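Note that the coordinates shown come from a computational prediction; the quantities given were computed from them, not determined experimentally.
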Amino acid sequence: MLGQFRKDYVALNLPSTSADSDINRRWPKRRLWRWWNQLSRFQRSVVYMLILAACLTALYFLPGTQPIWSPNNGKLNSLLDKDNITPALSLLPPKKAQPLENSLDNEEPVKDRYMNNDTQNKKPVLNKGNLDLHGETVTSNVGQIHSPPREGVKFSGPSNERQSAIVAAFRHAWKGYKKFAWGHDHLKPITGTFHDWFNLGLTIVDSLDTIYIMGLAEEFAEAREWVATSLHFDVNRDVNLFEVTIRVLGSLLSSYHLSGDRMFLDKAVDLGTRLLPCFNSDSGVPYSDVNLATRKAHSPKWSPDSSTSEVTTIQLEFRDLSRCTGDPQFEDSAAKVSLHVHTLEKSDGLVPIFINANTGHFRSYSTITLGARGDSYYEYLLKQWIQTGRTIDYLRDDFIEAISGVTKHLTRRTAQNKFLFVGELLAGGKDFKQKMDHLTCYLPGTLALGVHNGLPQEHMQLAEDLMTTCYQMYAQQPTFLAPEITYFNINEGTTGDIVVKTNDAHNLLRPEFVESLWYMYQVTGNQTYQEWGWHIFQAFEKFTKVANGYTSIGNVRNPLNTRPRDMMESFFLSETLKYLYLLFSDDPNILSLDKYVLNSEAHPLPIYDT
Ligand code: DMJ
């Protein structure tokens, strides 16, 4: 083929006579025509191809379509060039990043903005061309690469006894992990062994920003070194998109923002790229699992469906990755899922917990809950709205509608002390179950965050009532630790509010209630929330601390027989200890709610202005 091409090419260079030259000057068109007629069909095809190639090259170099180069990251952008030259395919414009230290001080009060329904004025000006999150036609302003603050953000370490006690707890956990499980996902502190789930050194990665915020320089240096040299994503193993996104991607991005170290961003880009095949379903709703090495994505082995909370709890991280790199494909893929779920029919804003990746439809007879598999759908409606500078109205509106739905369909009061709780609807909404997962105790904190951002004040009453109930889940157990699942007594005329079944009596060192304590304290300044947090920390110290770390326990009902489970989940370091440390801070702005939005695994990400 190559030989054939060469032969034909030579034949094109016909010698010209001086007479020809003369004619050429006077009749260039005629000469061209004659020359063209002499060509064989193959030769003409070659000419066509050359012209086409020339046109494409010219298009490529037209202003506005060149690859983006950043003085901060030539290497990264060379990886991204292909994507940066296809702005017309982008669903969303990369948004201008707000510098981390850039507060909202100069803006009009958030509350007024919401009350005046004036968010239209805050929307970015977009040109025509593509579809945006609102389903409107816009054109991307592709190409702005976020530069992190060069020196990162500084934290001065513990400033009081309680904070020091939390840091001591963290170091105790870290020491055991380092000794027995370094580089593995989780520590098994009783047997002094480890547990691997995704083979990604989860505890190290998930802990990075907690370490940074606590000001633990030595631990941060060793964790950073491990990430730089030993964290590889070429792992021939299926991982769960949601878990890896909130724990690993979220922490890498957060560590990048806080420390200003680009190594974390490079790792995040590698991981994010390997996760993208999950979105290659017919509907765009992601498959739950992907093999990071082969990049093959699929539904869970046990079901054709993905969990609703999982597919809607990846957007903060994917959006941030796009904003940091200027590559819109991460944000586009994830934001489309939220927009799709927005268009689905719901019951007063409440969603079933399963959704099919191929059809894009809910499994309509599945449970409605703010606990497992439903919880963070609601959380990310609010947090995405905040992350994008409160400019995407449908997210706020869906959140408000859902909270009305919660109040209307899911809340009840206990018979004796009238504690308010959030139950579940089974069989597609037919049967009410007076059961509440500990996971649901994130809700009061999220409600308080919404009120802080100008959402209806009545949400605060709901938040305060739920705080009381969640606190009771702890306080009514002889260990002062809450069970995984609590049932409530709603039979009027009977006594007792809380029922814990044997199979639900475990405590996994989960963070949700201390998370809410931090938000409530931030928003109200009420020190009772700090006191509650201190009691709970004492209980963790008493019943879950072991020689080599902290362990989940099987039974919160019997202080003499807690049945240690020999497992320290990464979220204990990432979330539980982080929120406690923040809760006891003397500095109300240690992580300002106006600058950061924390992902579902407590990793802070910057708030953007659009
Ligand atoms: C964490 O991984 C995250 O908070 C997630 O959203 C819910 N479950 C655990 C902690 O309980």
Beyond-backbone contact of Phe264 with Leu253, side-chain heavy atoms, under 4.5 angstrom: no

Distance (rounded to the nearest 0.5 Å) between Glu310 CD and Asp305 CG: 12.0 Å

Val290 side chain reached by Lys296 side chain, heavy atoms, under 4.5 Å: no

Check: Thr367 side chain, Thr369 main-chain N or O, donor-acceptor pair, under 3.5 Å: no

Derivation of the side chain to side chain donor-acceptor pair (under 3.5 Å) call for Glu379 and Thr313: CA-CA 8 Å; Glu379 176 188 356; Thr313 310; over 6 Å; no

Backbone of Ile400 reached by a side-chain donor or acceptor of Ser404 within 3.5 Å: yes

N/O donor-acceptor pair under 3.5 Å between Thr308 side chain and Pro352 backbone: yes

For the student: nearest non-hydrogen atoms of Ser255 and Ser259, plus distance: O-OG, 2.6 Å

No-hydrogen, no-angle side-chain donor-acceptor test under 3.5 Å, Glu601 and Ser251: no

Arg412 to Phe488 six-membered ring, cation-pi geometry met (6.0 Å, 45°): no

N-O pairing of Asp270 and Arg274 below 4.0 Å: yes

Rounded distance (nearest 0.5 Å) linking atom CD1 of Ile166 with atom OH of Tyr579: 14.5 Å

Ion pair check, Asp209 and Lys578, cut-off under 4.0 Å: yes

Flag side-chain contact, heavy atom, 4.5 Å: Tyr378 against Leu350: yes

Side-chain donor or acceptor of Thr210 paired with backbone N/O of Ser574 under 3.5 Å: yes

Ser516 side-chain N/O to Gly445 backbone N/O, donor-acceptor pair under 3.5 Å: yes

Ring pair (Phe, Tyr, Trp, His ring centres under 6.0 Å) assessment of Tyr521 paired with Trp518: CA-CA 5 Å; Tyr521 177 61; Trp518 177 61; 9.4 Å; no

Partner of Asp320 under side chain to side chain donor-acceptor pair (under 3.5 Å), chosen from Gln387, His257, Gln315: His257

Residue pair Pro286 / Val337: nearest heavy atoms and the distance that separates them: CD-CG2, 3.7 Å

Side chain to side chain donor-acceptor pair (under 3.5 Å), paired with Arg373, selected from Ser309, Ser307, Ser366: Ser307

Gap separating the CG atom of Leu382 from the CG atom of Asn453, nearest 0.5 angstrom: 6.5 Å

Residue pair Pro604 / Val597, side-chain heavy-atom distance below 4.5 Å: no

Test item: side-chain donor near acceptor, Arg363 and Asn356, under 3.5 Å: no

Close side-chain approach of Leu265 and Leu321, heavy atoms under 4.5 Å: yes

Note: Asp238-Lys301 ion pair, threshold 4.0 Å (strictly below): yes

Minimum side-chain heavy-atom gap Tyr581-Val514 below 4.5 Å: no

Test side chain to side chain donor-acceptor pair (under 3.5 Å) applied to Arg510 and Thr576, step by step: CA-CA 6 Å; Arg510 284 196 191 277; Thr576 310; over 6 Å; no

Any donor-acceptor N/O pair, Ser283 side chain to Ala357 backbone, under 3.5 Å: yes

No-hydrogen, no-angle side-chain donor-acceptor test under 3.5 Å, Gln384 and Ser338: yes

Side-chain donor/acceptor of Ser281 to backbone N/O of Val285, under 3.5 Å: yes

Stepwise side-chain contact (heavy atoms from CB on, under 4.5 Å) test for His409 and Leu425: CA-CA 8 Å; His409 300 292; Leu425 288 174; 3.9 Å; yes

Any donor-acceptor N/O pair, Lys346 side chain to His342 backbone, under 3.5 Å: yes

Derivation of the side-chain contact (heavy atoms from CB on, under 4.5 Å) call for Asp594 and His452: CA-CA 9 Å; Asp594 297 323; His452 176 75; 2.9 Å; yes

Student check: side-chain heavy atoms of Arg396 and Ile386 closer than 4.5 Å: no

Would you tabulate the side-chain donor-acceptor contacts of residues 466-474 under 3.5 Å, counting partners in other chains and residues two or more places apart, or write 'none'?
from	atom 1	to	atom 2	distance (Å)
Thr468	OG1	Glu464	O	3.2
Thr469	OG1	Leu420	N	3.4
Thr469	OG1	Leu420	O	2.4
Thr469	OG1	Asp465	O	3.2
Gln472	OE1	Gln476	NE2	3.1
Tyr474	OH	His438	NE2	2.6

Test side-chain contact (heavy atoms from CB on, under 4.5 Å) applied to Asp185 and Thr203, step by step: CA-CA 6 Å; Asp185 285 342; Thr203 297; 5.8 Å; no

Asn507 and Glu484: side chain donor to acceptor below 3.5 Å: no

Whether Thr414 side chain and Phe419 backbone form a donor-acceptor pair below 3.5 Å: yes

Straight-line distance of Leu593 CG to Leu598 CG, nearest 0.5 Å: 8.0 Å

Separation of Ile536 CD1 from Leu517 CG (nearest 0.5 Å): 5.5 Å

is_close_aromatic(Tyr287, His298), centroid dist under 6.0 Å: no

Derivation of the side chain to side chain donor-acceptor pair (under 3.5 Å) call for Thr528 and Asn526: CA-CA 5 Å; Thr528 301; Asn526 184 342; 2.9 Å; yes

Least distance between heavy atoms, Pro300 atom then Asp289 atom: CA-OD2, 3.5 Å

N-O pairing of Glu317 and Arg247 below 4.0 Å: no

Atom NZ of Lys408: over 12 foreign heavy atoms under 6.0 Å: no

Note, Leu249 side chain near His603 side chain (heavy atom, < 4.5 Å): no

Anything under 3.5 Å between a donor and an acceptor, one on a side chain of residues 426-435, the other on a protein residue two or more places apart or in another chain? List them.
from	atom 1	to	atom 2	distance (Å)
Lys435	NZ	Glu424	OE1	3.3
Lys435	NZ	Glu424	OE2	3.1
Lys435	NZ	Asp437	OD1	3.3

Check: His340 side chain, Gly360 main-chain N or O, donor-acceptor pair, under 3.5 Å: yes

Verdict with reasoning, Phe279 to Phe318, per ring pair (Phe, Tyr, Trp, His ring centres under 6.0 Å): CA-CA 12 Å; Phe279 296 94; Phe318 276 74; 5.5 Å; yes

Closest heavy-atom pair and its distance - Phe362, Val351: CZ-CG1, 3.6 Å

Spatial distance of atom CG (Leu381) from atom CD1 (Ile403) [nearest 0.5 Å]: 9.0 Å

